[in-house]
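Below you'll find the structure, written out as structure tokens, and then a few comments.
Convention: sequence-line order gives letters A, B, ...; per-chain numbering from 1.
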Amino acid sequence: MPLLFALVDCNNFYVSCERVFDPKLEGKPVVVLSNNDGIVVARSNEAKALGIKMGVPEFQIRHLIRRYNVQVLSSNYALYGDMSQRVMDTLAQFTPNLEVYSIDEAFLSLSGFTSRDLTDYGRTIRTKVKRWTGIPVSIGIAETKTLAKVAAWRAKRCKDAAGVFDLTACQDRDVLLASIPAEDIWGIGPNYARLLTLHGIQTALDLRMADDHWIRKRMGVVGARIVQELRGVSCLPLEECPAPKQGITVSRSFGRPVTTVAEMKESVAFYTSRAAKKLREERLAVTVLTVFLTTNTFKDEPQYSNAATIKLPVATDSTSDLLRYALPGVERIFREGYRYKKAGVMLTALVPASQVQVDLFDHQDRDRSRRLMRTLDGLNDCIGAGTLRYAAEGMTQHWKARFERRSPAYTTNWRDLPVAKAS
DNA sequence: TCTGGGGTCCTAGGACCC
DNA sequence: TCTGGGGTCCTAGGACCC
């Protein structure tokens, strides 16, 4: 049976989520900012048309924001995560063979659907997602994942495609590939793009016809796979069951520079507590913990960054245990006299929580700790994150990031539920 | 003044062993 | 001048993704 993939890609996802609950944003240039209102992470088509690039710091586009009345929003991950779940649930109605690739993208297997008109089927999916969730999507269909990405690229840019493009029905595939810059191909980043340009490989078509040995030598197996996929040879299977996580990181830039060890420990305690909660949600335990901190590398001032990695004597998923190792780690690497910008915690060497090896000399009451964590998580899930927290996380948390233009948690907090008014 | 956060996979090279 | 060879494991760093 020939393989067939569809890539469903939410258009300007974060902006679209905001528009569902605030229709006044429709038709206007809109951008969504990263944590700390730092850089642009999503743009409406109108904002793209103004030349606002992905990843640009907000302060560099203030003149455009003012001149064109660009609507600026802080990111609202509670909202986007919930909307993503709704989109994925809707897609799951169409096929059991679904890979949730990112917050705003999913691959569907359409193998075995070859007798249907695939473009029509794509339109059905698109219409249903829009009706059920309010989110517009683009859909690309092809015989490999990389080509499905190409097809979605075309679906998004070409008006007469009406959001769906089936590459298997395309008469002039080479013409299309020749119109796509190599750097727009999935897996080609800035470094490979530069390398390819130096060797006269400019377009997706050039890349498809590139010399295998050269690609293998300069871009490794990853590059070789991209070329094969462009040729229609599928190398990247649908991953329906996500592999268990290999690491959990929680890190944030501070809302203002941190200069004291007391504040640094508060922030790391907060990140540790968030990481531990994620760990429990994944039913994992950790054996290696790393804390790190750094000054602001964009600034012309004394720089310092360091990390401490701690091997835990016993795998654990308890916040208390992790704090006991993380905070002395901070003490060890903190140096007075610097203005710190960012800190974080990484949990690595994860093991299933059910397979925790108990140390013979470990006399703690694990059951008691487990009950404590269950109560903590239950309360915070129910009443709101941070309702019950460790004193080490601090009371004032002045170092926390800014979200000055955040929209309400429309879908995940009763208090923020949108109200329909008769006019 | 102001520049995100969280991941994955692959490869080269060193340590170590026989 | 000449300085073993090969396997395995681990880590750091580089590339990419959204």
Side-chain angles (χ1 to χ4, degrees), chain A residues 7-14 31-43 52-63 65 72 74-77 80-81 84 99-107 145-146 149 152 182-196 215-226 229 235-236 239 242-257 271 274-275 278-279 282 288 290 292 294-301 307 309 311 339 341-350 400-406:
Chain A
L7 174 68
V8 180
D9 191 345
C10 300
N11 299 342
N12 314 330
F13 183 55
Y14 297 170
V31 298
V32 175
L33 302 179
S34 66
N35 263 349
N36 226 3
D37 294 343
I39 63 170
V40 171
V41 294
R43 307 157 294 157
I52 297 174
K53 302 278 182 238
M54 191 72 168
V56 71
E58 183 265 353
F59 72 88
Q60 286 176 9
I61 55 162
R62 253 171 229 172
H63 60 289
I65 292 171
V72 179
S74 303
S75 43
N76 183 344
Y77 290 106
Y80 312 148
S84 173
E99 174 187 343
V100 177
Y101 175 68
S102 73
I103 194 166
D104 70 337
E105 281 175 68
F107 287 102
K145 283 180 161 182
T146 304
K149 279 270 198 182
E183 65 185 30
D184 286 356
I185 295 301
W186 192 36
I188 305 298
N191 285 289
Y192 286 155
R194 202 173 321 118
L195 176 71
L196 292 173
I215 293 286
R216 180 66 182 80
K217 190 153 158 273
R218 305 301 298 270
M219 296 170 64
V221 295
V222 176
R225 276 202 287 256
I226 294 170
E229 286 245 323
C235 305
L236 305 168
E239 313 267 9
K245 274 193 195 304
Q246 298 187 7
I248 290 172
T249 303
V250 177
S251 72
R252 298 278 185 281
S253 293
F254 301 124
R256 57 160 177 71
Y271 307 144
R274 295 296 296 259
K278 283 196 202 181
L279 197 60
E282 301 278 337
V288 175
T290 302
F292 59 92
T294 180
T295 49
N296 190 344
T297 52
F298 288 103
K299 289 208 164 173
D300 186 20
E301 56 184 39
T309 297
K311 174 101 179 65
R339 291 158 57 81
K341 173 63 181 168
K342 182 177 180 173
V345 173
M346 288 171 63
L347 309 181
T348 50
L350 307 181
K400 267 207 175 172
R402 295 179 299 265
F403 290 90
E404 283 166 9
R405 287 161 282 201
R406 175 136 72 187

Is [X] touching bases, backbone alone, or none of the nucleic acid, heavy atoms closer than 4.0 Å?
X: A/Asp37; value: nothing
X: A/Gly247; value: sugar-phosphate
X: A/Arg225; value: sugar-phosphate
X: A/Leu33; value: nothing
X: A/Ile103; value: nothing
X: A/Val56; value: nothing
X: A/Arg339; value: nothing
X: A/Tyr192; value: sugar-phosphate

For this session: Check every nucleotide of DNA chain B for an atom under 4.0 Å from a heavy-atom of chain A, then give the first and the last such nucleotide from 5' to 3'.
Result: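 Range of nucleotides touched by chain A: B/dT1 to B/dT11.
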
For this session: Using five pairs at either end of the helix from B/dG5-C/dC18 to B/dC18-C/dG5, determine the angle between the two local helix axes and round it to 10 degrees.
Result: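 Inter-axis angle at the ends, rounded: 10°.
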
For this session: Between A/Arg252 and A/Gln60, just flag the one whose closest nucleotide in DNA chain B comes earlier from the 5' side.
Result: A/Gln60

Exercise. If you pin A/Ser253 and A/Val222 to their nearest nucleotides in DNA chain B, which one's is more 5'?
Worked result: A/Ser253

For this session: Taking side chain to side chain donor-acceptor pair (under 3.5 Å) as the test, write out the residues that go with A/Arg62, two or more places apart.
Result: A/Glu58

Problem set entry | Which residues share a side chain to side chain donor-acceptor pair (under 3.5 Å) with A/Ser74, sequence neighbours left out | A/Asp37

Exercise. Are any side-chain N or O atoms of A/Asn36 and backbone N or O atoms of A/Gly38, one a donor and one an acceptor, separated by less than 3.5 Å?
Worked result: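 Flag not set: sc A/Asn36 to bb A/Gly38 has no pair under 3.5 Å.
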
Exercise. Is there a donor-acceptor pair closer than 3.5 Å between any side-chain N or O of A/Ser84 and the backbone N or O of A/Asp104?
Worked result: no

Exercise. Taking only residues two or more places apart in sequence, or in another chain, which ones meet A/Tyr101 in a ring-ring contact (aromatic ring centres under 6.0 Å, His included)?
Worked result: A/Phe107, A/Trp186

Problem set entry | With sequence neighbours excluded, residues passing ring-ring contact (aromatic ring centres under 6.0 Å, His included) with A/Tyr77 | A/Tyr14, A/Tyr80

Validation: residues 247-257 of chain A side-chain donor-acceptor distances under 3.5 Å, sequence neighbours left out:
unit_1: A/Arg256; atom_1: NH1; unit_2: A/Glu263; atom_2: OE1; d: 3.4
unit_1: A/Arg256; atom_1: NH2; unit_2: A/Glu263; atom_2: OE2; d: 3.0

For this session: Taking salt bridge (Lys or Arg N to Asp or Glu O under 4.0 Å) as the test, write out the residues that go with A/Glu99, two or more places apart.
Result: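 A/Glu99: salt bridge (Lys or Arg N to Asp or Glu O under 4.0 Å) contacts with A/Lys145.
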
Problem set entry | A/Thr297: side chain to side chain contact (heavy atoms under 4.5 Å, CB included) partners, not counting sequence neighbours |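 Only A/Gln303 meet the side chain to side chain contact (heavy atoms under 4.5 Å, CB included) criterion with A/Thr297.
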
